[in-house]
Amino acid sequence: MIDSKIVDPAAAGGEENNEEASRHFIHEMIDEDIAEGGRFAGRKVHTRFPPEPNGYLHIGHAKAIVIDFGTAEKYNGLCNLRMDDTNPSKEDVEYVDAIKEDIHWLGYDWGDRFYFASDYFPKMFDYACELISKGLAYVCEQTAEQIREYRGTLTEPGRPSPYRERPAEESLDLFKRMRAGEFADGSKTLRAKIDMSSGNMNMRDPVIYRINRAHHHRTGNEWCIYPMYDFAHPIEDAIENITHSLCSLEFEDHRPLYDWVIANITSPGNPRQIEFARLGINHTVMSKRKLRYLVENDVVSGWDDPRLPTLGGLRRRGYTPASIRNFCDRIGVSKVNSTVDYAFLEHCLREDLNETANRMMAVLRPLKLIIDNYPADKTEWFEIENHPAYPEAGTRSVSFSRELWIEADDFMEEPVKRYFRLFPGNEVRLKTAYVIKCTGFVKDDNGNVIEVHADYDPLTRGGTTPDGRKVKGTIHWADTNTALDAEVRLYSNLFSVADPDSAEQDYLECLNPDSLEVLTGCKIECSLADLKPPANFQFMRQGYFCLDNKDSSEGHLVFNRSVSLKDSFKPNK
RNA sequence: UGGGGUGUCGCCAAGCGGUAAGGCACGGGACUUUGACUCCCGCACUCGUAGGUUCAAAUCCUGCCACCCCAGCCA
């Protein structure tokens, strides 16, 4: 087959060019850090991908994954996979395996370095005690509302909590009793003592521990206090000896707090946080909240609905890991809020599938073609190439007889300008079979064309023209005697507007009512009889399709259109 | 009115004082047993804006403008 054309992402050779292309500001910073005299001189670059197990991964995560794992790969370093499970109220094991599966599917592996933030709860507790002892944290008894009030606003400084100057011993005692479960949820917090008048809201004595009697998916009921992200994350990174903690832009003003924690505990490491812009793609939404709404309200069929930008959805749609990796590489990494054209993602898929997908013939909207001068009881078998560019991809046999299915729009009673398919009197080539000339057509009572008639030229067997005459159009077909029935699902943008996140309107009002078109009674060439997913191929002249990994069965074939072929035919020109 | 960021072609994005890469999209053409692929050609006298420094600025300096993020006991 054509497997030899598939580039192994781990193969050093193929990476060369990508390394050049994907060099960006983060790599420049890392270069400085590992250079002589740099912050991490002589150290191995070590990154991590830290998803919170509270939802499914989407293409935005894929960008982060490619940056985290790709950077480690580039520098011959390591990348850990770490579940950032510090909030039991929102997290669930349900997601853990799905996340691991998606990352593996993308082509990355974390070796034996799979961790949970919750594994570090004991150490975090100790670090919190250290902070308290140093007078850098205190137990606060203000209510959530009071804390908010005292925090001030963006333009006014905050006021100190009345518990701010409580003696360290008292805070330490209280904190231990918090952990022991002596106090009600929400009644007390542990706060870092930093600066209530800082222009950076994150530094106004941020809460670093809260009481929450929620069942944790791993630690059960062992803890009733849980660390906050700003306190936990730098510690997680430090414990794992991460050198570069890469995250998205909104954490930029959390960095001073990240550094404060590292600077004030007896830290086992000194990770550096670097932020980059998250990925946006037009005509879709990326927020977990909105995706969840679409799934839970049956706007789509599930987290793996082929219209969703989730990795499960893209996989089911027929996207290949290589195409997604390549997309992430090519969009670049910067600090500019940006929205990439959906067309670019599609381009990356076409580019990959054009090389790797075998060609097949399928008639999506069948119209009967009768070749009147072809014997009614005859059947011929043609050997058709699987890939025009790669003979090594082999051939397959396709039957041909007097009655065929052709695409409804490959015939026009009255052709538009520059139409060179079938119309009365015109010649067209049936791919790999014969050149035929349209002799007439039949309409039903409603005026719909239900049958097209033609004569074939026996001298053109194989589709060649011994006399050298030009036949401009070549169309695909399926033998009515052997074609298989199939259901084909055509997808287009889930949202009809480019920016459904815009405040101009409600995203739910912008749903594209035609994002899914289900075609039944499609006629597929017989060689497609026994397939098993994943199977990507091109339906000639139409697009790239794959077998649906959920709804397709032996007796009921279901195909998803991954992406259409480009079409430069403009009827109105 | 505070703090943190960002502004280079319709969309991404190089550029790091020496006179605007590349990709996508788009338009034109060649080739074609997929109107696909491939291949040519075109596509920012200009880098948010106004000044300044310099022989020379997208790159340095100053002011202004626009947009994004921050007031969870979410991450």
Side-chain angles (χ1 to χ4, degrees), chain A residues 21 23-24 28 50-52 54 84-87 89-91 140 142-145 147-149 151-158 185-191 197-204 206-212 225-226 228-230 232-233 247-256 275 277 279 281-282 288 330-348 350-351 354-355 359 361 384-385 388-389 418-421 429-433 435 460 462-465 471-476 498 538-543 564-570:
Chain A
R23 188 190 153 76
H24 43 69
E28 286 181 356
E52 181 186 16
N54 71 342
D84 207 358
D85 56 349
T86 58
N87 185 356
S89 310
K90 292 194 171 179
E91 296 142 10
C140 181
Q142 288 187 302
T143 62
E145 195 171 326
I147 287 180
R148 194 184 326 122
E149 250 172 60
R151 186 156 32 221
T153 69
L154 294 179
T155 52
E156 301 157 27
D185 285 12
S187 63
K188 291 179 175 53
T189 59
L190 181 68
R191 294 229 255 164
S197 61
S198 170
N200 183 344
M201 300 298 283
N202 297 305
M203 301 299 268
R204 319 244 261 228
V207 170
I208 56 177
Y209 260 96
R210 76 281 217 183
I211 305 174
N212 179 16
I225 59 172
Y226 293 95
M228 299 285 290
Y229 169 88
D230 284 315
H233 208 83
C247 64
S248 45
L249 243 37
E250 67 268 30
F251 292 103
E252 209 149 17
D253 50 16
H254 289 243
R255 194 171 62 227
E275 313 81 11
L279 169 65
I281 297 182
N282 60 19
K288 272 181 190 169
R330 298 222 269 154
I331 53 175
V333 180
S334 73
K335 303 189 67 147
V336 188
N337 283 308
S338 58
T339 305
V340 177
D341 272 340
Y342 191 82
F344 188 58
L345 214 208
E346 295 192 314
H347 165 79
C348 291
R350 285 195 193 99
E351 188 177 67
N354 178 47
E355 290 294 308
R359 273 56 170 169
M361 293 199 292
I384 301 188
E385 57 193 357
R418 298 209 13 106
Y419 185 80
F420 50 74
R421 278 110 93 164
R429 174 168 31 241
L430 293 174
K431 171 74 181 172
T432 329
V435 171
T460 60
T464 56
T465 51
V471 176
K472 185 77 171 155
T474 298
I475 65 174
H476 57 95
Q538 182 192 103
F539 284 167
M540 293 196 66
R541 304 207 303 131
Q542 309 195 93
S564 67
L565 244 33
K566 292 217 289 183
D567 183 6
S568 60
F569 176 51
K570 298 171 198 70

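Residue numbering restarts at 1 for every chain, and letters A, B, ... go by the order of the sequence lines. Scope of the values below: all heavy atoms of this structure, side chains included, with no hydrogens, waters or symmetry mates.
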Q | Complement of B:A66, any strand, by Watson-Crick or G-U distances under 3.5 angstrom | A | B:U6

Q) What nucleic acid atoms does A:Ser198 come within less than 4.0 Å of, heavy atoms only: base, sugar-phosphate, or nothing? A) nothing

Q: Scan A:Pro388 against the nucleic acid and name what it touches under 4.0 Å (heavy atoms): base, sugar-phosphate only, or nothing.
A: base

**Q.** Base B:U34 paired with A:Gln542 side chain (donor-acceptor, <3.5 Å)
**A.** no

Q: Classify the glycosidic conformation of B:C45 as syn or anti, calling it syn when the angle lies within 90° of 0.
A: syn

Q) Taking atom types as they are modelled, is there a donor-acceptor pair under 3.5 Å from the base of B:C16 to the side chain of A:Glu28? A) yes

Q.
Please confirm whether the shortest side-chain N or O distance from A:Arg23 to OP1 or OP2 of B:A13 is below 4.0 Å.
A. no

(Q) Could you check whether the side chain of A:Arg541 and the base of B:G35 have a donor-acceptor pair of N or O atoms closer than 3.5 Å, going by distance alone? (A) no

(Q) Between the base of B:G35 and the side chain of A:Asp567, is there a donor and acceptor pair under 3.5 angstrom? (A) no

(Q) Using whole Å, what does the distance between atom C1' of nucleotide B:C11 and atom CG of A:Asp341 come to? (A) 4 Å

Q: Classify the nucleic acid contact of A:Arg421 as base, sugar-phosphate or nothing, counting any heavy atom under 4.0 Å across all strands shown.
A: base

Q. Is A:Tyr229 stacked on the base of B:A75, with ring centres under 5.5 Å apart and planes under 30° apart?
A. no

Q) Is any NZ, NE, NH1 or NH2 atom of the basic residue among A:Glu275 and A:Arg255 found under 4.0 Å from an Asp or Glu carboxylate oxygen of the other? A) yes

Q) Hey, does A:Ser568 reach any base, or is it just sugar-phosphate, or nothing, if we go heavy atoms under 4.0 Å? A) sugar-phosphate

Q: Give a yes/no answer on whether the side chain of A:Arg151 brings an N or O atom under 4.0 Å of OP1 or OP2 in B:G72.
A: yes

Q. To the nearest angstrom, how far is A:Asp230 atom CG from B:G72 atom P?
A. 13 Å

(Q) Are A:Leu279 and A:Val340 packed together at the side-chain level, in the sense that at least one heavy-atom pair is separated by less than 4.5 angstrom? (A) yes

Q: Report the distance from atom CD1 of A:Ile147 to atom C1' of B:C73, rounded to the nearest whole Å.
A: 6 Å

Q: Rounded off to whole Å, could you give me the CG-to-C1' distance for the A:Asn202 and B:G3 pair?
A: 10 Å

(Q) Under 4.0 Å, heavy atoms only, any strand: does A:Tyr419 hit a base, just the sugar-phosphate, or nothing? (A) base

Q) Rounded to whole angstrom units, what separation is found between the CZ atom of A:Phe251 and the C1' atom of B:G4? A) 14 Å

Q. Whole-Å distance between B:G4 C1' and A:Asp253 CG?
A. 5 Å

Q: Look through every strand shown and name the nucleotide pairing with B:U34 as Watson-Crick or G-U wobble, where both distances are under 3.5 Å.
A: none

(Q) Mind checking if A:Glu346 touches a base, just sugar-phosphate, or nothing, with heavy atoms under 4.0 Å? (A) nothing

Q | Nucleotide paired to B:G51 in any strand shown, Watson-Crick or G-U, under 3.5 Å | A | B:C61

Q) Starting at NZ of A:Lys566 and ending at P of B:C26, how long is that distance when rounded to a whole Å? A) 6 Å

Q: Determine, step by step, whether A:Arg330 and A:His347 satisfy the side-chain hydrogen bond (donor to acceptor under 3.5 Å, both in side chains) criterion, reporting the C-alpha distance in whole Å, the side-chain angles of both residues, the deciding distance to 0.1 Å, and the verdict.
A: CA-CA 11 Å; A:Arg330 298 222 269 154; A:His347 165 79; 3.2 Å; yes

Q.
Are the side chains of A:Arg350 and A:Ser564 in contact, using a 4.5 Å heavy-atom criterion?
A. yes

Q. Are any of A:Ser334's side-chain N or O atoms less than 4.0 Å away from OP1 or OP2 of B:U6?
A. no

Q.
Nearest whole Å is fine: how far is B:G2 P from A:Met201 CE?
A. 14 Å

